[in-house]
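Have a look at the structure below before the remarks.
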2 protein chains.
Amino acid sequence: MHSQKKLSKQLRRHGYRLTQQRRAILQALAQSHEYLTSADILDRAKALGFDLGLTTVYRTMDALADLGLVKRIHLEDGCHRYALASQGHRHYVVCPDCSRTVEFEGCDLGFLFQQVSQSTGFAIQDHWLELFGRCPQCQGVG
Amino acid sequence: MHSQKKLSKQLRRHGYRLTQQRRAILQALAQSHEYLTSADILDRAKALGFDLGLTTVYRTMDALADLGLVKRIHLEDGCHRYALASQGHRHYVVCPDCSRTVEFEGCDLGFLFQQVSQSTGFAIQDHWLELFGRCPQCQGVG
DNA sequence: TGTTTGTTGAAAACAATTTTCAACTATCAA
DNA sequence: TTGATAGTTGAAAATTGTTTTCAACAAACA
């Protein structure tokens, strides 16, 4: 797990300034174990006593995602959620009812990429693998 | 490959009326081998001489997707593309530059679902697997 | 052929996200 | 410590994909 300090350093290393707003966002992310929307992050950062705007959250999440420091998940309705990226975990299961998200140990899809590369001629660069299923809590209800 | 007639029957079977607009959309989809946005579909249907609106395209795509007659892909920016669903093919590679999309033979992820179900307690119902990579044409440029 | 009820579309509403641009501030050099 | 520089911020407006509204319309069945 990245510490907040390490994340800050990474930002600096890549030429980003370490502003109060970015500190606030990193702190909010570090305190949550769930995937959060930009609005969620804004709320939590404000709750921590910082003052910042939603625009800044979007911009910061773009930067963090570019650096690979946060993982962005894509939901059915097109909106995004973010959480600090943890090493070795690369995929997640999302509950369609409550959006609760859990990562699972990466599975090796390398063989698949190679096979698809060969059969389609596409140079595979990236992939999404997301599973959807009701979480234990939501199963309890139904 | 579904014929247009079969698709129409499927719609009727499920209680949908077979309108001129839906005919137009089915025809447009049948004539394209690419994944199209709603706007693309509208354009093509109009080019075929039909008169219809974008709202209808959205509504029809929802219906067709619910029935499993079209496959909907999710792009980075949150917008969608559709193509008639073909049996046995369940995943695709998308070119990030031109959005050209190609399906590849389904790979068996059953073992993965079971493993994840067990370790997370989520009841896996569905999944997305999308690969991204530059298509042969776009590679030629770079 | 008429009646019922699903369907349509223009316009407005929505929601997530991006852009604009002037004010601001982290950082660095002196 | 103090400018100066250039990245950063945020309120508001603009964008974009998509959904809703609601009155007019038209499949499909009796």
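Residue A:Arg17 places none of its side-chain N or O atoms closer than 4.0 Å to OP1 or OP2 of C:dT25. One finds a side-chain N or O of B:Thr19 lying less than 4.0 angstrom from the OP1 or OP2 phosphate oxygen of C:dT8.
On the nucleic acid side, DNA chain D has its first and last nucleotide under 4.0 Å of a heavy atom of chain A at D:dA6 to D:dA12, going 5' to 3'.
Look at CG on B:Leu18: it is 15 Å from C1' on C:dT8, rounded to the nearest Å. Nucleotide C:dT7 holds its C1' atom 6 Å from the CZ atom of B:Arg22, rounded to whole Å. B:His80 places its NE2 atom 13 Å from the C1' atom of C:dA16, with the value rounded to the nearest Å. Residue B:Asp51 contributes atom CG, which lies 19 Å from atom P of C:dT7 at whole-angstrom precision. Between the P atom of C:dT17 and the OH atom of A:Tyr58 lies a distance of 4 Å, rounded to the nearest Å. For the pair B:His74 NE2 and C:dA16 P, the interatomic distance rounds to 17 Å; values are reported in whole Å. The distance from atom OH of B:Tyr16 to atom P of C:dT8 is 11 Å, rounded to the nearest whole Å. Atom pair B:Leu11:CG and C:dT8:P shows a separation of 10 Å (rounding to whole Å applied).
A residue-by-residue look at B:Arg59 and B:Arg12 shows that B:Arg59 has its nearest nucleotide of DNA chain D further toward the 5' end. Nearest-nucleotide mapping onto DNA chain C: of B:Thr55 and B:Gln21, the residue sitting toward the 5' end is B:Gln21. Residue-to-nucleotide proximity on DNA chain C shows that, of B:Leu54 and B:Gly15, the 5′-proximal contact is made by B:Gly15.
A:His80 and A:His74 have perpendicular rings, their planes meeting at more than 60° on a 0 to 90° scale where under 30° would count as parallel.
Among the protein residues, A:Arg23 comes within range of no part of the nucleic acid, since none of its heavy atoms lies under 4.0 Å from any strand.
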- [ ] Go through A:Phe122 and B:Val102 one step at a time and tell me if the side-chain contact (heavy atoms from CB on, under 4.5 Å) criterion holds.
- [x] CA-CA 9 Å; A:Phe122 279 56; B:Val102 168; 3.6 Å; yes
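Ionic pairing of B:Arg72 and B:Asp62 is present here: one or more N-O contacts between side-chain nitrogen and carboxylate oxygen are shorter than 4.0 angstrom.
Side chains of A:Gln4 and A:Gln27 form a contact here, defined as non-hydrogen atoms less than 4.5 Å apart.
Of the options B:Ile25, B:Thr60, B:Val70, a side-chain contact (heavy atoms from CB on, under 4.5 Å) to B:Ile41 is made by B:Ile25 and by none of the others.
For CD of B:Gln114, the number of neighbouring non-hydrogen atoms (other residues, nucleotides, ligands) closer than 6.0 Å is 12 at most.
Considering all non-hydrogen atoms of both residues, A:Leu84 and A:Ala30 come closest at CD1-CA, 3.8 Å.
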